Amino acid sequence: MGKKLRRMRYDPELGIETCCLGGLVQAFPAHFHSHYVIGTIERGERWTVIGGEKIRTRPGDLIVFNPNAVHACQQVDERPLNWRSLNINPQVMASAAQEVTGRALLPRFVKTVLPDSKLAALVRELCRRIEANASRLHRGEMFLLLIGQLLEACAGCAVPTVEAERPEVATVCVYLEANYARPIALEELSGLTGLSKYHLLRCFARQKGITPFQYLQNIRVDRAKTLLEQGCFPLEAALESGFSDQSHFTNVFKSHIGLTPSQYRAVFQQEALP
């Protein structure tokens, strides 16, 4: 049947809440929430009943409920349900929507279910990043990218196009290279350039092919490589290059280089031997 799990986390910086439910075998009667719910099924199947329609929802589907939208969830079979969602109050959603579109609006999403949506993976990953208290810059980027794509896909909102070249992107690169060793937030980069967070994020990604957070991670990995080559131990290299802990550093370093920090350091220590 699987272990039952009910876990919620609140992100005070983003102002949103995550909900993780696992191993549930129960129906939810007709009810509503005062906030937006953006979620996905990770295991099991459900009948989602909303607006007189009964929709079969499966793992990989994105499910969106507007505030005060009455809905119910029913079992398809006896398989347990695993579910992750973001709960977003209307004030936070309105702020994010204005950031994305440049207009004051409170969106109403007209699509309840997006079958097999790539946004489901983004919801899952953002939930995990919030639960792990990951980089504020990374969480902020993921949230705005999710809302931007969701507004286009489910609310029919036009998102302004971005210019091919913006000098502010170079300014951000220089700033990240000078401040890689400390935590950086998207709000900080926005204030530096005078661009909105979402516009800056899209301009940067278009010009560089990666987000500011990914650019920062590359800078940190390069700095850590230099430190390891000089004989620093992995923990010291992690902290001096801006990583919050050695475990996270090891995962990122290996994903970039293909070796663990210890393995990389050993290569250069062996070269230094007579």
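Because the structure is a prediction, the values reported are computed rather than measured.
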Counting distance only, does the side-chain N/O of N82 pair as donor-acceptor with the main-chain N or O of G23 below 3.5 Å? yes
I'd like to check the side-chain hydrogen bond (donor to acceptor under 3.5 Å, both in side chains) partners of Y264; sequence neighbours left out, ordered by chain and number. E229
Give the minimum heavy-atom separation between K225 and I257, together with the two atoms involved. CD-CD1, 3.7 Å
Distance-only, no hydrogens or angles: does the R43 side chain make a donor-acceptor pair with backbone N or O of P59 under 3.5 Å? no
Among Ile, Leu, Val, Met, Phe, Trp and Tyr joined by side-chain contacts under 4.5 Å, find the other residues sharing a cluster with V174 and list them by chain and number. none
Are K54 and Q74 close enough that some pair of their side-chain heavy atoms sits under 4.5 Å apart? yes
In Å and rounded to the nearest 0.5 Å, what is the OG1 to CD1 distance from T40 to I63? 6.5 Å
Under 4.5 Å between side-chain heavy atoms, hopping through other hydrophobics if needed: is there a path connecting V76 to F28? no
What heavy-atom pair brings S241 and A237 nearest, and what distance separates the two atoms? OG-O, 2.5 Å
Could you work out the complete set of other residues in the hydrophobic cluster of L105, with links drawn between I, L, V, M, F, W and Y side chains under 4.5 Å apart? none
Treating Ile, Leu, Val, Met, Phe, Trp and Tyr as nodes and any side-chain heavy-atom pair under 4.5 angstrom as an edge, say whether W47 and W83 lie in one connected cluster. no
Closest contact, heavy atoms only, N89 versus G15: ND2-O, 4.2 Å
Connected to M8, directly or through other members, by ILVMFWY side-chain contacts below 4.5 Å are none
Using only atom types and a distance under 3.5 Å, with no angle test, would you say the side chain of E141 pairs donor to acceptor with the backbone of L201? no
Just verifying a value: how many Å separate Q214 CD and F204 CZ, rounded to the nearest 0.5 Å? 9.5 Å
Residue that, paired with Y215, satisfies side chain to side chain donor-acceptor pair (under 3.5 Å) out of R220, K208, E177: E177
Please check if the distance between the ring centroids of F109 and Y36 is under 6.0 Å. yes
One should read off an interatomic distance between E165 CD and C203 SG, to the nearest 0.5 angstrom, of 10.0 Å
Hydrophobic cluster membership, with links at side-chain heavy-atom distances under 4.5 Å among I/L/V/M/F/W/Y: are V49 and L24 in one? no
Report the residues that fulfil salt bridge (charged side-chain N to carboxylate O under 4.0 Å, His left out) with D11, sequence neighbours left out, ordered by chain and then residue number. R139
With side chain to side chain contact (heavy atoms under 4.5 Å, CB included) as the criterion, how do V252 and H256 come out once you've worked through the C-alpha distance, each side chain's angles and the decisive distance to 0.1 Å? CA-CA 6 Å; V252 173; H256 281 243; 3.8 Å; yes
Strictly by side-chain hydrogen bond (donor to acceptor under 3.5 Å, both in side chains), give each pair with a member in residues 114-131 just once, sequence neighbours left out. R7-E131, E42-R128, R84-E131, E125-R129
Using the salt bridge (Lys or Arg N to Asp or Glu O under 4.0 Å) rule, collect all pairs that involve residues 97-109, keeping only residues at least two apart or in two chains. none
Are V172 and L195 connected in a single hydrophobic cluster, I mean Ile/Leu/Val/Met/Phe/Trp/Tyr linked by side-chain heavy atoms less than 4.5 Å apart? yes
Shortest non-hydrogen contact from Q26 to Q75? O-OE1, 3.1 Å
Working for side chain to side chain contact (heavy atoms under 4.5 Å, CB included), residues L176 and L189: CA-CA 9 Å; L176 293 174; L189 302 180; 4.1 Å; yes
Rounded distance [0.5 Å steps], CG in L106 versus CD in Q91: 8.5 Å
Taken in chain and number order and not counting sequence neighbours, the residues that satisfy ring-ring contact (aromatic ring centres under 6.0 Å, His included) with Y175 are none
Strictly distance-based, threshold 3.5 Å: is any side-chain N or O of E13 a donor or acceptor partner for the main-chain N or O of R136? no
Co-members of F32 in a cluster of I, L, V, M, F, W and Y side chains, linked at under 4.5 Å: V70
In short, F253 meets P261 closest at the heavy-atom pair CD2-N, 3.7 Å
Separation between CD (E187) and CG (L192), nearest 0.5 Å, reads 13.0 Å
For a side chain to side chain contact (heavy atoms under 4.5 Å, CB included) check, start with the C-alpha distance between L86 and T18, then their side-chain angles and the critical distance, and finish with the verdict. CA-CA 5 Å; L86 300 168; T18 68; 3.9 Å; yes
When rounded to the nearest 0.5 Å, the distance separating CG of L14 from CD1 of I130 is 5.5 Å
Side-chain donor-acceptor pairs of residues 143-156 under 3.5 Å, sequence neighbours excluded:
unit_1, atom_1, unit_2, atom_2, d
Q149, NE2, L145, O, 3.3

Evaluation steps, side chain to side chain contact (heavy atoms under 4.5 Å, CB included), between I41 and D61: CA-CA 7 Å; I41 294 174; D61 293 352; over 6 Å; no
Going by salt bridge (charged side-chain N to carboxylate O under 4.0 Å, His left out), name the residues that satisfy it together with E236, two or more places apart in sequence or in a different chain. none
Under 3.5 Å, side chain of T250 to main-chain N/O of T260, donor-acceptor pair present? no
Hydrophobic cluster membership, with links at side-chain heavy-atom distances under 4.5 Å among I/L/V/M/F/W/Y: are L235 and F249 in one? no
Restricting to non-hydrogen atoms, name the atom on V113 and the atom on P115 that form the minimum distance, rounded to 0.1 Å. O-CD, 3.5 Å
Is a side-chain donor or acceptor of S190 paired with a backbone partner of L186 at a separation under 3.5 angstrom? no
Could you list the residues that satisfy ring-ring contact (aromatic ring centres under 6.0 Å, His included) with H35, not counting sequence neighbours? H33
